[in-house]
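Here is the structure we will look at.
Atom set for the values below is all heavy atoms of this structure, side chains included, hydrogens, waters and symmetry mates excluded.
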Amino acid sequence: MHHTCPGEGPTERSAQQPADRRSDGPYGGPPSSPPPDDRPRSPAASLVAGAAFGTAATGAVLSIGDIGSPLRAPFTLFFLLMAPAAAIAAALGRMDPLGRAVVAGAGALAVDLLVAQTMLALHVWSVRGGVLAVAALSGAGLLLSAIRRRARRGRRDRVE
């Protein structure tokens, strides 16, 4: 007796993708489908991303400016986790979302620990310096990802 998973049987397969229809698109879809990185986001996702960016930026400003506020510690921690995670997630653009989130979170912790360990070993530890170092590394990562994505788009446009 042969068991198949849903979507693997002959009737389900023909309903999903007819045999006479080819997927000529570069990502397995129809030729006009945009790449995964270029898909439009919902308004709710844009709102959440904007709020996260604002919270992280506020944490960085509060920490670098040495401004006493009850929000300084949680917002700075949010920045220290989300800035490197965003840079790593941008570099892993085609990975599935859950895997990208896990790898980006683990990578963010690794970046933070590496910065702290390096500063402690060199006897130059300061909160301000740590936040600036994480910001610089995250900015460099985002910049490199953007340059790589732009170069890839340029090559793809020349080929088509």
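In this structure, CG in Leu47 is found 9.5 Å from OG in Ser42, a value given to the nearest 0.5 Å. Atom CZ of residue Arg128 and atom CD1 of residue Ile64 lie 8.5 Å apart, to the nearest 0.5 angstrom. Going from atom CD1 of Ile147 over to atom CG of Leu142 covers 11.0 Å, rounded to the nearest 0.5 Å. Separating the OG atom in Ser138 from the CE atom in Met82 is a distance of 11.0 Å, to the nearest 0.5 Å.
Among all heavy-atom pairs drawn from Ala85 and Ala104, the shortest one is O-CB, 3.4 Å. Minimum interatomic distance between Pro84 and Phe79 (heavy atoms only, all atoms of both residues): CD-O, 3.9 Å. Here the shortest heavy-atom pairing between Ala90 and Ser145 reads C-OG, 3.8 Å. Across every non-hydrogen atom of Ala108 and Ile88, the tightest pair is N-CD1, 3.7 Å.
Between the side chain of Thr55 and the main chain of Phe75, no donor-acceptor pair closer than 3.5 Å is present. Within the 3.5 Å criterion, the main-chain N or O of Ala91 finds a donor-acceptor partner in the side chain of Arg148.
Grouping the Ile, Leu, Val, Met, Phe, Trp and Tyr side chains by contacts below 4.5 angstrom, directly or via other members, places Leu80 apart from Val61. Tracing side-chain contacts under 4.5 Å through hydrophobic residues (I, L, V, M, F, W, Y), one reaches Leu120 starting from Val115; they form part of the same cluster. Transitive grouping of hydrophobic side chains (ILVMFWY, heavy atoms separated by less than 4.5 Å) keeps Leu143 and Phe53 in distinct clusters. Taking hydrophobic clusters as Ile, Leu, Val, Met, Phe, Trp and Tyr residues chained together by side-chain heavy-atom distances below 4.5 Å, Leu122 shares a cluster with Val131. Transitive grouping of hydrophobic side chains (ILVMFWY, heavy atoms separated by less than 4.5 Å) brings Leu132 and Leu137 into a common cluster.
For the pair Ile67/Arg72, no side-chain contact is recorded, criterion being any heavy-atom separation below 4.5 Å from C-beta on. Side chains of Leu109 and Leu81 form a contact here, defined as non-hydrogen atoms less than 4.5 Å apart. Between Val134 and Asp112, some side-chain heavy-atom pair lies under the 4.5 Å cut-off.
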